[in-house]
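The shown structure was predicted, so the numbers you read here are calculated from the model rather than taken from an experiment. Throughout, a chain's letter reflects where its sequence line sits, starting with A, and its residues are numbered from 1.
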Amino acid sequence: AQKITQTQPGMFVQEKEAVTLDCTYDTSDPSYGLFWYKQPSSGEMIFLIYQGSYDQQNATEGRYSLNFQKARKSANLVISASQLGDSAMYFCAMISGSARQLTFGSGTQLTVLP
Amino acid sequence: ETGVTQTPRHLVMGMTNKKSLKCEQHLGHNAMYWYKQSAKKPLELMFVYSLEERVENNSVPSRFSPECPNSSHLFLHLHTLQPEDSALYLCASSQGRDLRGEQYFGPGTRLTVT
């Protein structure tokens with residue numbers, strides 16, 4: 001079985017500052033992929049970034065980077081230079097080679113303050 | 001149109017009604033998904049259609065019935081729902097179900113069962 005844990009139900013960050021959203025995962029499968037999605041109040045889930053279990057380097061996509069620590073089974077999302085439009089729910093998700101379906105965490109509500 | 005579209009965006013129905021949710025993807029993907037997002041709970045995968053094969057979550061009640069007539073269209077037929085079925089229903093699509101296949105989500109249908 002695979003499991004995703006997001007321990008921060010809510011986070012606040014000042015505009016232009018960086019923020020880290022925590023995600024830990026559990027799987028016995030050596031092959032897996034980790035995703036972060038953003039869900040604004042409109043409801044649509046927007047793909048942000050992907051990290052494969054065998055990737056040697058941490059993934060980066062613009063202002064988003066993934067701090068992948070395999071031994072600790074963590075995949076934290078770092079957002080640099082926060083913008084007001086970053087205020088949303090953020091979900092960490094995982095797919096494993098055996099389960100082949102996305103499992104989502106409970107999400108973190110990020111609020112960017114002006 | 002591009003991406004993944006869902007209709008209707010909002011639906012209110014009584015417990016004795018029959019309705020259907022529609023999802024259409026314009027991305028050329030070959031896998032489609034239905035998710036349920038209830039308040040304060042992680043996204044729950046309901047059904048997967050991959051290359052016209054159906055994979056379902058055994059905990060989904062039979063009052064939810066999916067239909068996938070082709071790789072671009074996905075329906076969720078609803079009948080005799082319960083108030084606890086009120087939630088945001090998200091459709092997603094991906095190219096295959098491998099580890100790197102990020103899923104693209106539609107805007108969701110907000111369902112209220114009265």
Which atoms of Q37(B) are under 4.5 Å from chain A, going by heavy atoms: the side chain, the backbone, both sets, or neither?
side chain
Contact origin within Y35(B) toward chain A - heavy atom pairs under 4.5 Å
side chain
V78(A) reachable from V13(A) in the ILVMFWY side-chain graph, under 4.5 Å edges
no
For atom NZ of K70(A), decide whether the heavy atoms of other residues, nucleotides or ligands shown that lie under 6.0 angstrom number more than 12.
yes
Rounded to the nearest 0.5 Å, what's the gap from OG on S94(B) to CD1 on I95(A)? Could you check?
7.5 Å
So which residues of residues 105-114 of chain B are in contact with chain A at a heavy-atom cut-off of under 4.5 Å?
F105(B), G106(B), P107(B)
Please output the residues of residues 106-114 of chain A in contact with chain B, using a heavy-atom cutoff of under 4.5 Å, in numerical order.
S106(A)
Hey, are the side chains of M45(A) and L43(B) touching, using non-hydrogen atoms and a 4.5 Å cut-off?
yes
Which atoms of Q39(A) come close to chain B, meaning under 4.5 Å heavy atom to heavy atom: side chain ones, backbone ones, both, or neither?
side chain
Treating Ile, Leu, Val, Met, Phe, Trp and Tyr as nodes and any side-chain heavy-atom pair under 4.5 angstrom as an edge, say whether L21(B) and M13(B) lie in one connected cluster.
yes
Minimum heavy-atom separation for G105(A) and P42(B), please, with both atom names.
O-CB, 3.6 Å
Any chain of hydrophobic side-chain contacts (each under 4.5 Å) joining V60(B) to L74(B)?
yes
With a 4.5 Å heavy-atom cut-off, do F35(A) and Q103(B) have their side chains touching?
no
Return the set of residues passing side chain to side chain contact (heavy atoms under 4.5 Å, CB included) with D26(A) (not counting sequence neighbours), or none when no residue passes.
K3(A), K73(A)
What residues of residues 81-89 of chain B sit under 4.5 Å from chain A when you count only heavy atoms?
L88(B)
To the nearest 0.5 angstrom, please state how far the CD atom of E102(B) sits from the CD1 atom of I49(A).
11.5 Å
